[in-house]
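Here the structure comes first, spelled out in structure tokens, and everything after it is commentary.
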Amino acid sequence: TQLLEQSPQFLSIQEGENLTVYCNSSSVFSSLQWYRQEPGEGPVLLVTVVTGGEVKKLKRLTFQFGDARKDSSLHITAAQTGDTGLYLCAGAGSNYQLIWGAGTKLIIKP
Amino acid sequence: DTAVSQTPKYLVTQMGNDKSIKCEQNLGHDTMYWYKQDSKKFLKIMFSYNNKELIINETVPNRFSPKSPDKAHLNLHINSLELGDSAVYFCASSHLFQGAEAFFGQGTRLTVV
């Protein structure tokens with residue numbers, strides 16, 4: 001069974017600080033996605049990483065796919081209150097099914 | 001121009017009732033999904049349909065029955081509702097290839113009392 005573990009489960013920091021959240025698995029994924037979910041809404045895709053070692057930047061967000069395509073990280077620089085939300089990673093499994101992590105709930109305090 | 005729309009957004013009902021949640025997508029995707037998100041925010045897939053055919057059917061009680069009248073619609077009917085069915089149910093759609101982006105509806109918050 002493919003599983004994705006996200007850590008930490010919960011993170012509360014002050015505006016302006018940096019943070020990193022992780023998504024780990026013992027399985028290899030052909031691609032991995034990061035989504036952000038805000039209260040009362042469905043998850044929205046932030047990025048898809050495909051190649052081992054790939055790094056993608058989206059403004060203050062930096063996403064990295066592990067060399068072995070088993071893990072990924074999301075780093076946020078100078079966090080803002082608008083970054084508050086639930087961050088979910090999802091790996092492309094067999095049968096085109098997305099395998100979801102449990103999420104990291106991020107709160108950025110003003 | 002909502003891409004994936006599901007109704008209702010909120011549903012409060014008594015134990016034992018039967019209810020349906022409707023979902024429609026206007027993105028031209030060939031695959032639609034139903035997910036359940038519990039109070040701990042864990043997103044668990046329930047069903048997936050590709051071109052109106054069931055391709056994923058996770059371990060879900062028989063009381064849950066999806067119906068796909070066409071590629072743009074995937075409805076979820078729940079019989080004999082139980083307290084444990086309370087959760088947020090998300091409909092999503094995507095193309096069917098590895099790494100395809102999933103587009104989600106706003107969710108239906110089901111509360112069984």
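By convention in this document, chain letters (A, B, ...) are assigned in the order of the sequence lines, proteins followed by strands, and residues within each chain are numbered from 1.
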Task: Contacting moiety of B/Y35, where chain A heavy atoms sit under 4.5 Å - done: side chain
Open item on the list: Hydrophobic clusters here meaning ILVMFWY residues chained together by side-chain heavy-atom distances under 4.5 Å, can you tell me if B/L11 and B/V113 are in one?
Closed with: no
Task: Check against side chain to side chain contact (heavy atoms under 4.5 Å, CB included), B/L43 and A/Y35 - done: CA-CA 12 Å; B/L43 204 60; A/Y35 289 76; over 6 Å; no
Task: Partner chain B: residue of A/G42, A/G103, A/S31 with the largest heavy-atom pair count (under 4.5 Å) - done: A/G42
Task: Pairs of heavy atoms under 4.5 Å with chain B: top-ranked of A/A90, A/P43, A/G40 - done: A/P43
Open item on the list: Side-chain heavy atoms under 4.5 Å apart, restricted to Ile/Leu/Val/Met/Phe/Trp/Tyr: what other residues fall into the cluster of A/I107, or is it alone?
Closed with: A/F10
Open item on the list: Which atoms of B/K44 are under 4.5 Å from chain A, going by heavy atoms: the side chain, the backbone, both sets, or neither?
Closed with: neither
- [ ] Indicate if B/I45 and A/L98 have the same hydrophobic cluster label, given that clusters are the connected sets of ILVMFWY residues with side-chain heavy-atom separations under 4.5 angstrom.
- [x] yes
Task: ILVMFWY cluster, B/I78 and B/V112 together (side-chain gap under 4.5 Å) - done: yes
Task: Verify same cluster id: B/V60, B/I55 (apolar side-chain graph, 4.5 Å) - done: no
Open item on the list: According to a hydrophobic-cluster definition based on side-chain heavy atoms being under 4.5 Å apart (Ile, Leu, Val, Met, Phe, Trp, Tyr only), do A/V49 and A/Y22 belong together?
Closed with: no
Task: Atom CG of B/D70: over 12 foreign heavy atoms under 6.0 Å - done: yes
Open item on the list: Checking an interface table here. Which of residues 57-86 of chain A come within a heavy-atom distance under 4.5 Å of chain B?
Closed with: A/L86
Open item on the list: Quick check on A/Q9 against chain B: is it the side chain, the backbone, both or neither that has a heavy atom closer than 4.5 Å?
Closed with: neither
- [ ] For atom CD of A/Q14, decide whether the heavy atoms of other residues, nucleotides or ligands shown that lie under 6.0 angstrom number more than 12.
- [x] yes
- [ ] Report the option among A/L45, A/L32, A/V44, A/V50 that has the most heavy-atom pairs separated by less than 4.5 Å from atoms of chain B.
- [x] A/L45
Open item on the list: Counting only non-hydrogen atoms closer than 4.5 Å, does A/E41 touch chain B with its backbone (N, CA, C, O), its side chain (CB onward), both, or neither?
Closed with: both
- [ ] Could you tell me which portion of B/A92 (side chain, backbone, both or neither) has an atom closer than 4.5 angstrom to a non-hydrogen atom of chain A?
- [x] neither
Open item on the list: For the aromatic rings, using the six-membered ring if either is Trp, is the centroid distance between A/W100 and B/F104 under 6.0 Å?
Closed with: yes
Open item on the list: Using a 6.0 Å cut-off, check whether atom NZ of A/K56 has over 12 heavy atoms from anything other than its own residue.
Closed with: yes
Task: B/E58 atom CD, neighbour heavy-atom count above 12 within 6.0 Å - done: yes
TODO: Examine whether an atom of B/Q6 lies under 4.5 Å from a heavy atom of chain A, and if so say whether it belongs to the side chain, the backbone or both; otherwise answer neither.
DONE: neither
TODO: Count the heavy atoms of every other residue, nucleotide or ligand shown that sit under 6.0 Å from NZ of B/K36, and state whether that count exceeds 12.
DONE: yes
